[in-house]
Amino acid sequence: VRLTALVVALAALVFAAPALGDNGGLTPVEPASENAQAIHDAYILILFVTGFVFVVVETTLVVFLVRYRRGNRVREAEGPQLRGHTRIEVAWTVVPVLLLAIIVAFVFVKLPEIEDAPAAGPAGSLEIQVEGHQYYWLYRYPGGEIAIDDLVVPVNRVVDLEIVAPDVIHSWWIPALGGKIDAIPGRTNRTWFKAERAGTFTGRCAELCGAQHAAMTASVQAVDDAAFARFLAAHAPSSQTVGQETFEGVCAKCHGLEGQGTDEAPAIAGREFDRTTVQLIKNGGTRMPAVGEDWSNEHIAATIRYLNESIGAP
Amino acid sequence: VAASQHTAPALDWKQGRVTSWLTTTDHKRIGILYIVTSLVFFVIAGLLALLIRLQLAAPDQDFIAGDKFNELFTVHGTAMVFLVVVPILAGFGNYLVPLMIGARDMAFPKLNALSYWLFLAGGIVLYASFFANGGASSAGWTGYPPLSGSEFSPGNGVDLWILSLHLLSLSSLAGAINFVVTIFNMRTRGMTFMRMPLFIWAIFTYAVLLILILPVLSGGLTLLLLDRQLGTHFFVPDEGGSALLWQHVFWFFGHPEVYVMILPAFGIVSEVIPVFARKPIFGYAAIAFSTLGIAFAGMLVWAHHMFTVGMGTGLNSFFMIASFLVAVPTGIKILNWLATLWRGNISFDTPMLFALGLIALFVIGGLTGIVIAAYPVDWQLHDTYFIVAHFHYTLFGGAMFGIFAGLYYWWPKMFGRRLDERLGKWHFWLMFAGFNLAFMPQHFLGLLGMPRRVSTYTEGGQWEIYNRLSTVGAFLMGVAILVFAVNVVRSRNAPRVGNDPWHGDTLEWFATSPPPPDNWTQPLPYVSSARPLRDYRTRLEETRRG
């Protein structure tokens, strides 16, 4: 009886909390791309099947415990000496196989929607290279534009991502726009999404990549074509915007947004940023990763310029 | 008379209170050493977990940030697997295998002692690595290169982590060989394989799995050590190595390791349920063969830990379907346990509560395993808190609950005194409530998008609520462990029990509690079924009635 009460109380607790929120974490975050939607559908089916099994097994357990408790019987009194029953055992081997077969079939039906990008529209698909670094994401657009951490894409256009990493393994993941895929040194992985509505979708690096793993966030902003054109125009590697994004996404995660220093890294504000800084960015220091080992000269120059203007020696 | 004594008297210095333990080759003493040491390591690794939960109790905390946090979960995970669950099961195996099969000791008593001392050394190396140059390893219990390579983990933490795992692998390997040889060769008269206790089936399978997978881990660790110390490039992509090679090697070991940890716990449940339901186990053969079935299928599923590395549809599908297949023999076990309860005479003593708790909780861990075996769904859930919740339901809700069932069940045999039932029930209910409170919300955190192994998060709202609940639950589990500790201390003064306090089915209850050095004081009954002690009691009863 106590077990029943506890199970009921727990179930209430478990389901009351999520009920207060939107989905509360009972299902993956609300999809905004067809692949995420198909994964969501597969999840719901599996949740339904496994939820059914859960209810059947736990109810049986609780009912048996209540019904066949010792009560007033003597402790040593034996139950019927049943050693097995072939037909029942075959049944409870076959039924789970059938349930699993349903899941496998449904996953395979959904697979094309998840793995294959839909036909690109008249504008064609947009190919972007995503580089996972300690501890930021660097995006390279086809026209040479770059952005850090915040990816901006046109809404309703297929975006093909090429995922790489120059240092350690990271994992690209924007839950609303599909599953995650690892960024692995020495490999190129691919994924795609097509944002079906405008908005900002956030995500995080999902593979342990070092001390600042938690700071390695990402977002995708889906905007209309005009805004996208404005974005590209502002994101040439030599631009001030890129310099600023680089400072905020790369330097500030360890050195602080005012360059004031943190537990992880020393203060850098108030100094002059020069060729030594360039070497540090390219090759790393004792504890500092080589954050800019594959940056172009314009990109590095824009960063140095921004550093001197914002937190450099007065 | 003294001349007829067939063993030479032990040297004096070996008979001291401490030295007799240091030099023992008695399987029961080695078993107790294993269990006590593992419990101490369990408390330390549990405290590390509480620090992790403190740091995550609220957003934007920097109580333990960055690499320090990463060291905590790396050592917590490594310790719980290698210093707690695997060795404590080796402890149960050591204590129980000879007793349950009617032998006087393990096949190789000195090798057995060596296994224990290697284990102790490995544990000390792992925990002491916190004080190494650069701290303990912060690369996760999976130690993926390049992060675990010398460029990104420059201190000695990873080297010591490797040394520790090498020692522990040798220890487990020697122990596993000992179990297999003992079980094959030293069963008493009449005990065929199909009359062995189901716990012995489980330990047999545990040992065979360890023999198959540990050399692979040792090989991988050696390559990693060579990369770090001698400049080889097995896992260095820039130099032609492969980061993924390590993942395949690690998980070829790492996934079967999960079954190494859970199968003996299942074995404990298969011993406890029939005794407290007063019925024979339902489907003995089905449970025995499902143990082998899980082990076999479990060797073919390792890359389901790697669905996000970009393996392609073919391999992903193979590993998805193979993973689903593991659910079938696992389901068979659970349904057979339920059938054993059916029409039983169920007593809710603490061992039974923990065994039932395992069933209730493992079902959840098993079912969430199906959710993440579907590889596109895993693309959403991989490396999130959903995974953390899933494997804690299998390894804590499963393995640790089974281990506690075993401790309460066999404690009277090991020490001649029972653990207190009232404290035991407090222990169980606090643990059951705390566990669900700690780990159920983590499923939702994962679905909301919280990756595992992050030292902090910025989101408030539901993220904060669930994290807070989880922390409260973790501390409730800590209280439960305190209750257990009090129980252990107080059991020293508990009244003595007889040979067979639970009216057991298996031969260990034929020995005195605790058994003498060579185990048996009277000739063992011929074994004519899987429940030799019940047969023995029935015969005594018949004789008494005439």
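Throughout, a chain's letter reflects where its sequence line sits, starting with A, and its residues are numbered from 1. For the numbers below, each heavy atom of this structure counts, side chains included, while hydrogens, waters and symmetry mates do not.
The contact between B:Tyr284 and chain A is made entirely by backbone atoms, counting heavy-atom distances below 4.5 Å. For A:Ile169, the parts lying under 4.5 angstrom from a heavy atom of chain B are both the backbone and the side chain. Both the backbone and the side chain of B:Thr458 come within contact range of chain A, with heavy atoms under 4.5 Å apart. In this structure, chain B has heavy atoms under 4.5 Å from both the backbone and the side chain of A:Val29. Contacts of B:Tyr375 with chain A are made by side-chain atoms alone, with heavy-atom separations under 4.5 Å and no backbone atom involved. For B:Arg534, the part lying near chain A is the side chain, with the backbone staying farther off; criterion is any non-hydrogen pair under 4.5 Å. Residue B:Phe73 touches chain A through its side chain alone, counting heavy-atom pairs closer than 4.5 Å. Interface residue B:Met320: only side-chain heavy atoms are found under 4.5 Å from chain A. Contacts of A:Asn35 with chain B are absent, with no heavy-atom separation under 4.5 Å from either backbone or side chain. Contact of B:Gln247 with chain A is made through the side chain alone, with heavy-atom distances under 4.5 Å. Both the backbone and the side chain of A:His85 come within less than 4.5 Å of a heavy atom of chain B. Interface residue A:Val74: only backbone heavy atoms are found under 4.5 Å from chain B. At a 4.5 Å heavy-atom cutoff, the contact between B:His382 and chain A is made by backbone and side-chain atoms alike. Only the side chain of B:Asn70 has a heavy atom closer than 4.5 Å to any heavy atom of chain A. Heavy-atom distances place the side chain of A:Arg187, and not its backbone, under 4.5 Å from chain B. With a 4.5 Å cut-off on non-hydrogen atoms, A:Phe108 touches chain B through its side chain but not through its backbone. Using a 4.5 Å cut-off between heavy atoms, B:Ala139 contacts chain A through its backbone alone, with no side-chain atom that close. For chain A, the nearby parts of B:Phe324 are the backbone and the side chain; heavy atoms of each come within less than 4.5 Å. Only the backbone of B:Asp378 comes within less than 4.5 Å of a heavy atom in chain A; its side chain stays farther off. No part of A:Leu47 comes within reach of chain B, as not one of its non-hydrogen atoms sits under 4.5 angstrom from that chain. If you measure heavy-atom distances from B:Ser138 to chain A, the contacts under 4.5 Å come from the backbone alone.
In summary, the aromatic rings of A:Trp173 and B:Trp379 are positioned with their centroids too far apart to meet the 6.0 Å limit. Between B:Phe435 and B:Phe439, the gap from one ring centroid to the other is short of 6.0 Å.
Among the candidates B:Val371, B:Asn345, B:Thr384, the residue making the largest number of heavy-atom pairs closer than 4.5 Å to chain A is B:Asn345. When each of B:Gly140, B:Pro441, B:Gly344 is checked for heavy-atom pairs under 4.5 Å with chain A, B:Gly344 comes out on top. Of all the listed residues (A:Gly178, A:Gly186, A:Ala165), the one sharing the greatest number of non-hydrogen pairs under 4.5 Å with chain B is A:Gly178. Chain A forms more heavy-atom pairs under 4.5 Å with one residue of B:Ala243, B:Pro154, B:Ser347, B:Gly461 than with any other, namely B:Ser347. When A:Phe106, A:Phe64, A:Trp92 are compared by the number of non-hydrogen pairs under 4.5 Å with chain B, A:Trp92 comes out ahead. Most heavy-atom pairs under 4.5 Å with chain A: of the set B:Asp238, B:Ile359, B:Asp62, B:Leu244, this distinction falls to B:Leu244.
In this structure, A:Arg204 does not pair ionically with B:Asp383, as no charged nitrogen and carboxylate oxygen lie closer than 4.0 Å. With respect to A:Lys253 and A:Asp149, a salt bridge is recorded, a charged nitrogen being found less than 4.0 Å from a carboxylate O. With respect to B:Asp500 and B:Arg537, a salt bridge is recorded, a charged nitrogen being found less than 4.0 Å from a carboxylate O.
The one candidate from B:Trp502, B:Phe348, B:Trp337 that meets the ring-ring contact (aromatic ring centres under 6.0 Å, His included) condition with B:Phe276 is B:Trp502.
Judged purely by atom type and a 3.5 angstrom limit, A:Thr191 has no side-chain atom pairing as donor or acceptor with the backbone of A:Leu161. Panel note: side chain B:Gln61, backbone B:Gln55; a donor-acceptor pair is recorded below 3.5 Å.
B:Trp246 and B:Tyr144 share no side-chain donor-acceptor pair at under 3.5 Å. Counting only N and O atoms by type, the side chains of A:Gln81 and B:Arg531 include a donor and acceptor under 3.5 Å apart. Under the 3.5 Å distance criterion, with hydrogens and angles disregarded, a donor-acceptor pair is assigned to the side chains of B:Thr313 and A:Glu115.
Residues B:Phe69 and B:Thr456 fail the side-chain proximity criterion, which asks for heavy atoms closer than 4.5 Å.
Each salt bridge (charged side-chain N to carboxylate O under 4.0 Å, His left out) pair with one or both residues in residues 83-95 of chain A, not counting sequence neighbours, would appear here, but there are none. The salt bridge (charged side-chain N to carboxylate O under 4.0 Å, His left out) analysis of residues 29-43 of chain A, with sequence neighbours excluded, yields the pairs A:Asp41-A:Lys110.
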List the atom pairs, with distances to 0.1 Å, where a side-chain N or O of residues 206-220 of chain A and a protein N or O form a donor-acceptor pair under 3.5 Å, not counting sequence neighbours.
from	atom 1	to	atom 2	distance (Å)
A:His213	ND1	A:Glu207	O	3.4
A:Ser219	OG	A:Asp150	OD1	2.7

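Scanning residues 327-334 of chain B against chain A with a 4.5 Å non-hydrogen threshold yields B:Ala327, B:Val328, B:Ile332, B:Ile334, sorted by number.
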